[in-house]
Protein chains: 2
Amino acid sequence: MNAALQATADSGQAPHAHTGAWVAGVLRSRISAGQLAPGSKLSEQKLSEALGVSRNTLREAFTVLAGESMVQRIPNRGVFVAAPGAEDVREIYRVRRLIEPAAVQSGEMPPGALEHLEAIVAKAQEAKAAGSVLDMADANQELHKALVGLSGSATLARLMEKVLAEMRLVFHAMSTAPDFHSHYVDLNAALVEQIRAGRRAEAAAELRRYLDAAERELLVHLGAVPAEPATKGGADR
Amino acid sequence: MNAALQATADSGQAPHAHTGAWVAGVLRSRISAGQLAPGSKLSEQKLSEALGVSRNTLREAFTVLAGESMVQRIPNRGVFVAAPGAEDVREIYRVRRLIEPAAVQSGEMPPGALEHLEAIVAKAQEAKAAGSVLDMADANQELHKALVGLSGSATLARLMEKVLAEMRLVFHAMSTAPDFHSHYVDLNAALVEQIRAGRRAEAAAELRRYLDAAERELLVHLGAVPAEPATKGGADR
DNA sequence: AGGAATCGGATTGTTCAACAATCCGAGCAA
DNA sequence: TTGCTCGGATTGTTGAACAATCCGATTCCT
């Protein structure tokens, strides 16, 4: 834990933009990279001296990150790296299930978007061939971000980015992280193919199935839902 | 301007929650209420002494509000109440057009939601009968928030709240504010009626038309689009 | 006179040091 | 063991200080 903290303090001499925003960026990166484990406490004193900034400035960064729900602030207790649970996963997929298919189905399709999608798919297939799980995960996230990008809305793109950041936290929070992504590379390819063919409604429907399956897989792995029986909507919470 | 600032400084003795969040709440209310005009500058010194908080604490509130894009922060210049323009209106409706119909069409319809919708419609009709434009506007926003609420997602509800806050800013930014809302009361009623009847797809389609019309009306009033010809996309900014 | 460079005041950005408020755990008592 | 109190540690908030930057007005040159 300590190693991760003081690791990048060397670049501490050049707070490019506003120092607060810079600190927020540094912490955001480390959290997304998993260097700061979900649930771990971020001490004001340690972090401020490790990053070479004032406690006040660090606090500003905390405010930013709390607004993005990357960290959780508990009054008089401190800030902790967000640790999403099963209910958070359900919420994540509630959002994705609403936004992604809608963007696919009724997006305005800016020029070059299709090529962008296909480039990402190619990258994912490359990563799969090379067996690089990390690159596959990255490409996967990039693809879904691009799908939302079809809507042409910067707001929704930002929201999706936030959601994907939370997804990374979910993965980091899982003790054992099996290969969730390789299954989906081919599905992604098929999806983009359908979009290319103009079969937007079918693509959206397939995407919905995709998301349902992914959510279920995650919940099962979190032990929040039984593995097999898929009938009545049973255990909630 | 000054009157609005020091107006509520009387309650300044009881910062209930964390002072930063409290200040952010106060400012948010005043901005939404139009007491702080869009584009106006929020001076750190004046505001901090008017609210009876430290400059540092006020700054934390600014960070929060900037994260919600209620204010715009310009480095070394200060923070200003957000002043949405035509492009922002287009972005707002890009989001609404994607989210609201999707929520109507595929929302999970929690119990009591329908009654809630109808209660809001009733309130709106009441307000229309009484000629209270303000209550109509409130009911209108409440209805659309409730529509998104059908999705069951707190994240999307928050996003919609942010969007609606920006809408209020748009109205406040308009010099002349004619009656945008009375047209839509009956449309809202019809919409809820269709939802009640289970005709979700039709309701979503009607909602889309609704949103297109509202956006166009706003853009026309902002002078960002010609009044009649509905063909080529013309003047940008 | 018109325009460019300059200067001074004002505001923001950041840090530091201090104090109050709160929480957590250790130690003690019943 | 259970419950209480106390002390240390951390957070919340403030005030003051200084550097950096920006804006407007004055001044100077052509």
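Below, read A as the first sequence line, B as the second, and so on, with proteins coming before strands; counting in each chain starts at 1.
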Within residues 54-70 of chain A, residues whose heavy atoms come under 4.0 Å of DNA chain C: A:S54, A:R55, A:N56, A:T57
Identified side-chain contact (heavy atoms from CB on, under 4.5 Å) counterpart of B:E161 within the set B:Q141, B:E166, B:K145: B:K145
NZ/NE/NH1/NH2 to OD/OE distance under 4.0 Å, A:E91 and A:R94: yes
Salt bridge flag under 4.0 Å for residues A:D212 and A:R97: yes
Distance in angstrom units between A:E44 CD and C:dC23 P, rounded: 15 Å
Polar contact flag, side-chain donor to acceptor under 3.5 angstrom, A:Y184-A:E217: yes
Phosphate contact (D:dC23 OP1 or OP2) by B:R77 side-chain N/O below 4.0 Å: yes
All side-chain contact (heavy atoms from CB on, under 4.5 Å) counterparts of B:A33, not counting sequence neighbours: B:Q35
Between C1' of D:dT10 and CG of A:N76, the distance in whole Å: 9 Å
5' priority, DNA chain D, between A:V79 and B:P75 [closest heavy atom]: A:V79
Pairing of B:E87 and B:R90 as salt bridge, 4.0 angstrom limit: yes
Spacing between A:Q45 atom CD and C:dC16 atom P, to the nearest angstrom: 13 Å
